[in-house]
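To keep things clear, I will list the structure first and then write my remarks on it.
Sequence lines set the chain letters: A, B, ... in the order given, protein chains first and strands last, and positions in each chain run from 1.
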Amino acid sequence: MNYISEDIFPKNYKHLDVEKKIVQEWDKENIYSNFNPDSKKKIFSVDTPPPTASGYLHIGHVFSYSHQDFIVRFRRMMGEEIFYPMGWDDNGLPTERRVQDYFNVKCDPEEKSVENILEKIKENKKSSSALKVSRNNFIELCHIVTTEDEKVFKELFMKIALSVDWNHEYTTIQDLPRELAQKSFIDLYEKGFVYNTDSPSLWDPEFQTAVAQAEIEDREMPGAFHDIRFETESGESFNISTTRPELLAACVGVAAHPKDKRFKHLIGKNAITPLFGIKVPIFGSELVDMEKGTGILMVCTFGDNVDVQWWQENNLDTRIIVNKYGRLDEVNFGSEGWESKSPEKANIYYSRILGKNLKQAKSEIVDMLSNKDNFENEPALIGKPKEITHSVRFYERSKTPLEILSTRQWFVKLMDKKELLIEKSNQIDWHPDFMRKRFENWTENLQLDWCISRQRFFGVPFPLWYKLDQSSKPDYNNPIVADISDLPIDPTEDTPLGYSESDRGKPNGFIGEKDVFDTWFTSSLTPQIGGKWDKNDNFLDKVFPYDIRPQSHEIIRTWAFYTVVKSALHHNDIPWKNVIISGWVLDPDRKKMSKSKGNVVVPNDLIETYGADAVRYWAANARLGSDTANDEQIFKVGKKLVVKLFNASKFVLNGAPESIDIKNITEPLDLSLIYLFNEYLGQITKNMENFQFSDALNKLEDFFWNYFTDNYIELVKNRSKFNDYGQKTLSGLTTLRLVLENLLKLFAPFTPMITEEIWGWVYRNKNSNYKSIHFEKWPEKLNLDFKDISSEALIIAREAIGAVRKEKTNMGLSLGAEVKEVTIIANKDLQSVLSKVIDDIKDASRSQSIIIKTDSQEGIRASID
RNA sequence: GGGCGAUUAGCUCAGUUGGUUAGAGUGCAGCGUUGACAUCGCUGAGGCCGUAGGUUCGAAUCCUUCAUCGCCCACCA
């Protein structure tokens with residue numbers, strides 16, 4: 001029998017050096033980048049979230065990506081073939097803005113691409129105005145900017161030991177994701193799931209684009225009710241209440257509750273709007289809240305969603321006054337649709353707000369309404385505006401409230417698919433399960449189809465052209481759809497089949513669609529992008545539906561929702577079997593971390609101070625779906641665990657047998673430890689299979705600290721380390737090494753660095769092949785001949801040694817003090833078990849002799865002589 | 001207004017299908033060690049298990065009410 005000698009161990013554990021070394025080795029050996037789709041093993045696939053490349057890194061990333069990695073590493077050790085790709089999302093406004101600022105350029109789809117865009121930018125450097133560049137050139141520039149960010153991200157992800165397969169790395173501006181987004185559109189078009197229409201939809205005047213319901217957020221804003229006197233045709237007056245007097249010129253109706261006695265007599269009559277003198281119908285609607293304002297209100301084109309509903313239901317006129325820039329557009333009172341009692345006056349009043357933004361227009365209108373010169377008797381504005389706070393809808397990135405404008409947009413039909421989507425969600429396992437409710441809640445409450453067109457410049461273009469008739473009017477109902485084999489295309493630069501470039505914009509020619517997709521339209525294809533949809537034989541089929549989709553809860557309504565939509569519509573399938581929801585990282589005051597609050601924690605500092613293993617340990621302590629505080633204390637505990645693993649391993653491996661033969665495990669205490677280990681292993685494995693990594697880790701720690709290090713090692717120390725008891729010593733040494741190795745494997749998903757380091761001491765130098773603990777098999781129950789031994793022996797021995805320690809403490813003795821005689825007093829039922837391990841207890845007590853006394857009391861006590 | 005979650009020791013959290021005296025880690029206090037240990041061990045203090053009802057032989061656990069906190073959504077005239 002050969003034994004391991006101590007010269008293979010370093011003296012101290014320096015996490016910075018070791019972790020750096022290990023990351024380099026993993027990278028050099030490419031140990032995680034070797035997914036084989038044809039493997040006979042069961043495939044485990046991850047629909048990894050692609051971080052926004054122009055974002056910044058915070059501890060929340062480390063938190064949630066660690067969660068995935070615990071699961072992935074466990075599955076890998078379970079012998080599964082891991083598909084763990086990584087993407088970077090560089091679509092969208094953040095990148096667009098950065099590229100604009102960085103190069104002083106502006107994307108213009110009308111521009112033609114040039115070869116040497118960087119030179120052009122150099123030439124433009126002195127100019128103060130932004131250089132107009134084509135969409136393709138803009139994409140080129142995005143690559144340049146985002147590549148740098150992606151490098152930083154990748155470095156961090158490697159630093160925290162994510163076992164990502166870097167052979168399957170993509171960015172959303174690459175050709176393949178753009179191609180697949182266009183292909184997705186064409187597939188939906190052919191299936192009749194998309195349509196375009198010119199109808200009221202949500203519009204952001206700041207970014208000048210349509211937005212989808214999912215991108216809206218409500219913000220509490222100050223506002224004011226303005227009470228404005230209206231009159232009926234016959235001169236009866238009444239006061240409406242509005243927070244948006246600037247839309248007075250767009251008024252198309254007046255509504256009151258049909259049961260409201262105050263206004264019942266008005267319903268069916270017509271009102272005349274003040275200043276503009278427009279005749280509008282007064283109608284009843286259950287939707288009117290009698291308590292709010294004056295209980296009677298004006299309906300405009302379009303103040304809010306309900307206005308749209310009333311407009312449709314009551315066939316009201318349309319009076320558009322707000323344009324795409326959020327300014328008051330030109331109108332002509334007296335012309336058709338704008339018939340006024342006194343058009344001249346109306347036009348004069350309107351000229352004061354023409355071209356103004358909505359805020360300016362509001363104060364002008366209020367000014368005019370309160371000027372008594374504008375009215376025969378009293379001014380139309382009654383009293384002072386009553387200030388209120390109300391919630392206003394915004395596009396989440398914008399500072400200007402949303403408007404409802406009539407614009408032509410493309411939509412994915414969803415309103416008729418709610419049931420289907422909920423059915424799909426029910427086929428998915430959500431972790432934790434209650435997160436499913438968020439999905440259902442959102443789906444049931446959907447009000448609009450998914451608006452997928454954005455009037456932005458950077459993004460994936462629609463693969464569409466429109467035919468022009470003789471008068472150059474586009475035929476939106478019969479678009480020319482690109483051929484799948486030509487994708488990706490840019491319709492502002494590429495020419496449709498059957499036309500030549502000279503036909504562009506000409507009568508009987510064509511025009512290209514300028515709009516780009518909502519970025520979620522591409523992001524919702526991460527499963528298809530990762531699986532290279534139809535590009536690479538049946539690669540997608542091998543990994544789809546994915547096993548897990550890890551993500552956080554605030555994007556259930558967007559990313560999770562749209563991904564389910566896409567998979568349902570394209571494949572009539574679920575995209576993944578499990579959704580793994582990580583909570584948020586809160587600061588110690590339980591506030592959500594955000595850049596604006598300035599409470600963001602930079603992960604690099606934490607990794608430097610505590611080590612990646614300790615940071616991962618902290619992440620592993622939070623259950624799925626629950627938020628966690630950024631608590632320094634837990635990092636310290638993690639670091640303590642790492643150091644303990646290091647020291648315990650050094651102690652166990654020093655002098656351990658070079659090979660393990662389980663037949664050498666013969667002693668009752670040793671068998672008992674293994675019996676208990678088997679019990680723990682069963683629970684830990686079950687937890688890991690159910691994605692309950694924090695429960696698994698807690699159990700593992702419990703065994704490691706309370707049984708293995710604090711007690712078993714102490715009990716067996718003398719027998720195995722400092723005495724030669726022959727077979728008994730060998731049994732102890734073998735057990736120590738066997739259990740340690742199994743524990744290291746169980747810790748490996750959580751603390752992959754320290755476990756890899758220790759594993760390397762013993763295995764790395766053996767042969768030239770790199771041998772990583774992370775490709776070892778997850779432990780299975782150790783089948784030994786336990787005879788009549790169960791976990792009880794160890795538990796009793798632990799209690800007995802505890803009693804001895806307590807007694808020594810009471811007597812003021814050091815725990816290591818040699819004593820003459822120890823008496824263990826125990827319940828007589830325990831006697832037979834106790835006697836099997838009594839020699840180990842004697843050794844650990846450092847006593848010359850030991851006696852067992854029995855009585856009928858519960859538990860175990862000790863006395864020392 | 002609708003939905004979801006949380007409420008257990010100073011702090012962070014466990015508590016399995018209801019079952020003795022409610023646990024862990026951390027922090028605090030005291031003692032003892034420091035021969036695998038940037039340690040470790042022992043001891044101690046500290047809980048009306050958010051509130052009020054109910055079911056039950058028995059409730060932190062099941063039901064109902066309310067309160068507080070957080071999140072998602074809706075309302076936005």
**OP:** Mind running ring pair (Phe, Tyr, Trp, His ring centres under 6.0 Å) on A:F646 and A:W761 for me, showing each step along the way?
**Re:** CA-CA 11 Å; A:F646 174 84; A:W761 296 341; 5.6 Å; yes
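The gap from the C1' atom of B:G41 to that of B:C49 amounts to 31 Å, rounded to the nearest Å. For the P atoms, the distance linking B:U65 with B:G5 amounts to 14 Å, nearest Å. On the C1' atoms, B:A22 is 9 Å away from B:G47, given to the nearest whole Å. Nucleotides B:G46 and B:G27, compared at atom C1', are 11 Å apart to the nearest Å. Atom name C1', nucleotides B:U64 and B:G50: the rounded distance is 16 Å, in whole Å. Across the P atoms, B:G53 and B:A59 are found 14 Å apart, a figure rounded to whole Å. Atom P of B:U7 sits at a distance of 12 Å from the matching atom of B:U16, rounded to the whole Å. Atom name P, nucleotides B:A14 and B:U8: the rounded distance is 11 Å, in whole Å.
As judged by a 4.0 angstrom heavy-atom cut-off over every strand, A:M298 is placed among residues touching the sugar-phosphate backbone only. Within 4.0 Å of A:I713, counting heavy atoms only, lies at least one base atom of the nucleic acid. If you check every strand for non-hydrogen atoms under 4.0 Å, A:K437 touches sugar and phosphate atoms only. Among the atoms of the strands shown, only primed sugar atoms or phosphate atoms (P, OP1, OP2) are found under 4.0 Å from some heavy atom of A:Q213. Nucleic acid contact for A:N445: sugar-phosphate only, since backbone atoms but no base atoms lie under 4.0 Å from a heavy atom of the residue. Residue contacts for A:T709: at a heavy-atom cut-off of 4.0 Å it reaches a base atom on one of the strands shown. Within 4.0 Å (heavy atoms only), A:K644 reaches at least one base atom of the nucleic acid. Within the 4.0 angstrom heavy-atom criterion, base atoms lie near A:Y13. Looking at heavy-atom distances under 4.0 Å, A:F635 makes no contact with the nucleic acid at all. A:V288 comes within contact range of at least one nucleobase, with a heavy-atom separation under 4.0 Å. Across all strands shown, A:V392 has heavy atoms under 4.0 Å from base atoms, whether or not it also approaches the sugar-phosphate. Heavy atoms of A:R557 sit under 4.0 angstrom from primed sugar atoms or phosphate atoms, though from no base atom. Heavy atoms of A:K640 sit under 4.0 angstrom from primed sugar atoms or phosphate atoms, though from no base atom.
Ring geometry for A:H67 against A:F693 counts as tilted: the plane angle lies between 30° and 60°, on a 0 to 90° scale. Taking the six-membered ring where tryptophan is involved, the planes of A:F703 and A:Y680 are tilted, since the angle between them lies from 30° to 60°.
Using a 3.5 Å distance cut-off with no hydrogens or angles, the side chains of A:S552 and A:W584 do not pair a donor with an acceptor. Checked by atom type, the side-chain pair A:D702/A:Y707 shows no donor-acceptor distance below 3.5 Å. Side chains of A:D204 and A:S398: a donor-acceptor N/O pair is present below 3.5 angstrom, by distance only.
Side-chain proximity of A:D631 to the nucleotides B:C71, B:U26, B:U12 is greatest for B:U12. Comparing atom distances between the A:F722 side chain and each of B:C73, B:A38, B:A36 picks out B:A36 as nearest.
Separating the NE2 atom of A:H431 from the P atom of B:G5 is a distance of 17 Å, rounded to the nearest angstrom. In this structure, CZ of A:R436 is placed 13 Å from P of B:G5, rounded to the nearest angstrom. Whole-Å rounding puts the A:Q447 CD to B:C75 C1' distance at 10 Å. B:U33 atom P lies 19 Å from atom CG of A:D710, rounded to whole Å. Atom CZ of A:F561 is separated from atom P of B:C72 by 17 Å (rounded to the nearest Å). Straight-line distance from the CD atom of A:E701 to the P atom of B:G23: 20 Å, rounded to whole Å. Between A:E217 atom CD and B:A74 atom P there is a gap of 12 Å when expressed in whole angstrom units. Rounded to a whole Å, the CZ atom of A:F439 is 14 Å from the C1' atom of B:C72.
In the interface, the side chain of A:D218 is paired with the base of B:C75 through a donor and an acceptor atom under 3.5 Å apart.
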**OP:** Determine which bases of RNA chain B form Watson-Crick or G-U wobble pairs with both distances under 3.5 Å, and write the result as a 5' to 3' dot-bracket string with | for other-strand partners.
**Re:** (((((((..((((.....[...)))).(((((.......))))).....(.(((..]....))).))))))))....
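Put simply, the side chain of A:D260 does not reach to within 4.5 Å of the side chain of A:V288, judged on heavy atoms.
With respect to A:I555, the side-chain contact (heavy atoms from CB on, under 4.5 Å) criterion is satisfied by exactly one of A:Y562, A:F561, A:W520: A:W520. Across A:F635, A:F750, A:Y610, a single residue satisfies ring-ring contact (aromatic ring centres under 6.0 Å, His included) together with A:W618, and that is A:F635.
A:I216 CD1 to A:R557 CZ: the interatomic distance, rounded to the nearest 0.5 Å, is 8.0 Å.
Between A:K806 and the phosphate of B:U43, there is a side-chain N or O to OP1/OP2 separation shorter than 4.0 Å. Contact annotation: A:N647 side-chain N/O to B:A38 OP1/OP2 distance is under 4.0 Å. For the OP1/OP2 pair of B:U12 and a distance below 4.0 Å, the side-chain nitrogens and oxygens of A:R623 include no atom meeting the criterion. Side-chain nitrogen and oxygen atoms of A:K699 include none within less than 4.0 Å of the OP1 or OP2 phosphate oxygen of B:A24.
Map A:W705 and A:K650 each onto its nearest nucleotide of RNA chain B; the residue landing nearer the 5' end is A:K650. Mapping A:A648 and A:N698 onto RNA chain B by nearest heavy atom places A:N698 closer to the 5' end of the strand.
Of the charged side-chain nitrogens involved, none lies within less than 4.0 Å of a carboxylate oxygen, so that A:D710 and A:R798 do not count as a salt-bridged pair.
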